[in-house]
Amino acid sequence: MKRKTIAASLLLLMTAFALGLTGCASDSQTSGETELYFNGHQVTLTEDGAIDLDLLSVENGITVTASKGGSETITVNGTELEESLLLDITAITRDETVEIEITGGDSAGTYTVNLMPFAFGDYTTTGESQTAGDFYLSTYDEEVNYIFKLDNSGNLIFYKETGDNALDFRKVYNSDGEVRYTYLQYLENSFCGISGINPGCVVVMDEDYNVIDELYYQTSDGEERMIDPHGFIYLDDGHYILTSYEDVVVEDIPEDLMADDNSAYLAVLYVQEVQDGEVLWEFCSQDYEEFLYATTEVTWSESNDACYDYMHFNSMYIDNDDNLLISCRNINSILKVSRETGELIWILGGEEDQFGLTEDQLFSKQHSIIVTADGSYMIFNNANDQVLAGSAASSSIVRFTVDEDAMEVTSYEQYETGFYSNYMGAIRELDSEAGIYLWSVGGSYTGAIPDYSMVEYSETEGILFTFRFDEGYCRLYCANKCE
């Protein structure tokens, strides 16, 4: 008995000693990776210690948090990170960095976070914006592309890397008043070999820039098809209007067009409104023969040799009567479509114009249609035909008031932009009472560089604020100002 008691005591002593060593090791060593977060978005730690972020917002400073792999120590700009640390940084600049030091653990080391990524190009602004909200912009055709925000002084306050082109970035609200951010995202490089049509999807983000939805076109057989990312209207969560194309050999082309075998291989435009998964109505360009006469892009004698983009949708806007306005570049026209039936109501401009536009009022290759507070239509008129004919030197902003009962134009104004933009460009009304507008200039096939990529313009004071990319193509698909 005595020897058994001694043996049991020795076993207990050895077990306690082992447990003591284990506890001691837990206090002095760490294992596992450290995860670091800026405003809830994870920062990828690199082997060389130099870090470029793919998303950053400084609208409310930068809150730094971490998930530790063990008991390592983390300091941020010399201050130890405990639960969280708020950095009072309200503008993203090229020369400001955040220094991170991690002591202990698998992620031990010193890291430098560049607040402005190396791939984000430099830009120049002039003046001070006089309207509420922030500017919502995106790069175009760069090696690395971004959506981003500027404040009224031109400070960069948010960016997100998108890879391929992302268009029409903006802030919206759902029916519950919650913030949503939306943009159109390219997903492939071309559509049936046609330049200018690049399929993609709509990306919807919450107020913290987390992606919560990706939207695609719903086909009649219940499948999803990629959209045409030139324009999109958000109405509410699950309620939206978007467009797509289908490449189709259209039969029975009118004989007087002298099409190859009386048929044509065309990119047919579709527009639909969807609410909670139900397609409310759909518009199809193939239903309207007049578009075949209006198009400027089809070589009818070779109409089956390639797929022709005979419509080229590039913008839409809801009119004051709740119907839909659609801009189609390759027929030089604005269409009005019923939001009850999807049927065509009228055509403004182009060969099939129904409003009796005079030669001086005609627009061409336009990009962007909006309805102003007084009910006028404003269009970014690229003016390709007019410049080619020598009747215009640059693209312009044109403004129409129309009488839809009499089907006539009742007023017309034109503003020269001073730059000939062969493609892209947009117009927005920022302050109807003060007469302040925002336009983005677009691009040039010749490679000409504009003095600015975007301008805030006052009818009484002239140019108030400008933005331009310093490098690359300097093109801007469209700019938005959102509160």
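In what follows, residues are counted from 1 in the order of the sequence shown.
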Non-hydrogen side-chain atoms of F120 and L156 separated by less than 4.5 Å:
yes
Taking all atoms of both residues into account, what is the closest heavy-atom pair of L45 and Y111, and its distance?
CB-CE2, 3.9 Å
Give a yes or no on this: more than 12 heavy atoms of other residues, nucleotides or ligands lie within 6.0 Å of atom CG of N60.
no
Please report the closest heavy-atom contact between T90 and I157, naming both atoms and the distance.
O-CG2, 3.7 Å
Close aromatic pair by centroid cut-off 6.0 Å: Y209 and Y181
yes
Decide if the gap between the ring center of Y477 and the ring center of H367 is smaller than 6.0 angstrom.
yes
Considering only heavy atoms from C-beta outward, does the side chain of T34 approach that of E72 to under 4.5 Å?
yes
Between E297 and K365, does any side-chain N to carboxylate O distance fall below 4.0 Å?
yes
Of all the heavy-atom pairs spanning C307 and D247, show the shortest one and how long it is.
SG-CB, 3.7 Å
So, for F169 and Y136, is the gap between ring centers shorter than 6.0 Å?
yes
Would you say L87 and V98 make side-chain contact, with heavy atoms under 4.5 Å?
yes
For S453, all residues meeting side-chain contact (heavy atoms from CB on, under 4.5 Å), sequence neighbours excluded:
F467, R468, F469, C474, L476
Measuring centre to centre across the rings, with the benzene-like ring taken for any Trp, is F313 within less than 6.0 Å of Y245?
no
Any side-chain heavy-atom pair from H230 and L184 closer than 4.5 angstrom?
no
Testing the 3.5 Å rule here: is there a donor-acceptor pair between the side chains of K481 and N152?
yes
Flag side-chain contact, heavy atom, 4.5 Å: I51 against V43
yes
Does N382 reach the main-chain N or O of S421 with its side chain, forming a donor-acceptor pair under 3.5 Å?
yes
4.5 Å side-chain heavy-atom contact, Y159 and L55:
no
Any pair counted as salt bridge (charged side-chain N to carboxylate O under 4.0 Å, His left out), so long as it reaches residues 122-140, sequence neighbours left out:
R94-D122
Does the D88 side chain pair with the main chain of G61, one donor and one acceptor, at a distance under 3.5 Å?
no
Residue pairs meeting ring-ring contact (aromatic ring centres under 6.0 Å, His included), one or both in residues 36-83, sequence neighbours left out, come to none
Is the side chain of T372 donor-acceptor paired with the backbone N or O of S376 at a distance under 3.5 Å, no angle test?
yes
Provide the closest heavy-atom pair for I227 versus L215 in the form atom of the first, atom of the second, distance.
CG2-O, 4.1 Å
Please determine whether salt bridge (charged side-chain N to carboxylate O under 4.0 Å, His left out) holds for the pair R399 and D374, giving the CA-CA distance in whole Å, both sets of side-chain angles, and the decisive distance to 0.1 Å.
CA-CA 11 Å; R399 183 171 193 154; D374 68 359; 3.2 Å; yes
Please enumerate all residues that pass ring-ring contact (aromatic ring centres under 6.0 Å, His included) together with F363, with sequence neighbours excluded.
F400
Thinking salt bridges, do E59 and K149 make one under a 4.0 Å N-O criterion?
yes
Quick one: does T219's side chain have a donor or acceptor within less than 3.5 Å of a partner on E224's backbone?
no
Using the salt bridge (charged side-chain N to carboxylate O under 4.0 Å, His left out) rule, collect all pairs that involve residues 73-85, keeping only residues at least two apart or in two chains.
none
At their closest point, which heavy atom of W281 faces which heavy atom of V271, and how far apart are they?
CZ3-O, 3.8 Å
By side chain to side chain donor-acceptor pair (under 3.5 Å), S396 pairs with (sequence neighbours left out) N381
Salt bridge present between E223 and R225 (N-O < 4.0 angstrom)
no
E416 atom CD, over 12 foreign heavy atoms within 6.0 Å
yes
Not counting sequence neighbours, which residues clear side chain to side chain donor-acceptor pair (under 3.5 Å) with T65? List them please.
none
Distance in Å, C328 SG paired with I334 CD1, rounded so as to fall on 0.5 Å steps:
8.0 Å
Could you give me the CA-CA distance, side-chain angles and deciding distance for E273 and V279, then say whether side chain to side chain contact (heavy atoms under 4.5 Å, CB included) is met?
CA-CA 6 Å; E273 181 172 345; V279 177; over 6 Å; no
Centroid separation W439 to F380 less than 6.0 Å:
no
Before giving the answer on side chain to side chain contact (heavy atoms under 4.5 Å, CB included), spell out for Y234 and H239 the whole-Å C-alpha distance, their side-chain angles and the decisive distance to 0.1 Å.
CA-CA 7 Å; Y234 168 92; H239 190 187; over 6 Å; no
Flag this pair as yes if the NZ/CZ of R170 is under 6.0 angstrom from the six-membered ring centre of F232 and inside a 45 degree cone about the axis; otherwise no.
no
Non-neighbouring partners of D431 that pass side-chain contact (heavy atoms from CB on, under 4.5 Å), sequence neighbours left out:
T131, E433, A434, I436
Side-chain (T417) to main-chain (S395) donor-acceptor, under 3.5 angstrom:
yes
Quick check: does any side chain N or O of N114 sit under 3.5 Å from a backbone N or O of P117, one acting as donor and the other as acceptor?
no
Which is it for E456 and L430 under the side chain to side chain contact (heavy atoms under 4.5 Å, CB included) test, yes or no, and what are the steps along the way?
CA-CA 9 Å; E456 182 176 309; L430 300 184; 3.8 Å; yes
For F283, what residues pass the ring-ring contact (aromatic ring centres under 6.0 Å, His included) criterion, not counting sequence neighbours?
Y288
Counting only heavy atoms not in D321 (residues, nucleotides, ligands), do more than 12 fall under 6.0 Å from its CG?
yes
pair I233-L324: side-chain heavy atoms closer than 4.5 Å
yes
Checking S333 side chain against L335 main chain: does a donor-acceptor pair fall under 3.5 Å?
no
Taking only residues two or more places apart in sequence or in another chain, which ones pass side-chain contact (heavy atoms from CB on, under 4.5 Å) with Y445?
R329, N422, Y423
Going through the distances and angles, do Y240 and V202 end up as a side chain to side chain contact (heavy atoms under 4.5 Å, CB included)?
CA-CA 10 Å; Y240 47 84; V202 175; over 6 Å; no
Residue set satisfying side chain to side chain donor-acceptor pair (under 3.5 Å) with D176, at least two apart, ordered chain then number -> none
Looking only at heavy atoms, what is the nearest atom pair of A479 and L137, with distance?
CB-CD2, 3.4 Å
Is a side-chain donor or acceptor of T139 paired with a backbone partner of Y146 at a separation under 3.5 angstrom?
yes
Sorted by chain and number, sequence neighbours left out, side-chain contact (heavy atoms from CB on, under 4.5 Å) with V371 holds for Y317, D319, N320, L325, Y377
Member of Q275, R339, Q272 meeting the side-chain contact (heavy atoms from CB on, under 4.5 Å) criterion with I241
R339
Tell me if a side-chain donor or acceptor on S138 pairs with a main-chain N or O of A166 at a distance below 3.5 Å.
yes
Exam field: side chain N77 to backbone E99, donor-acceptor pair closer than 3.5 Å
yes
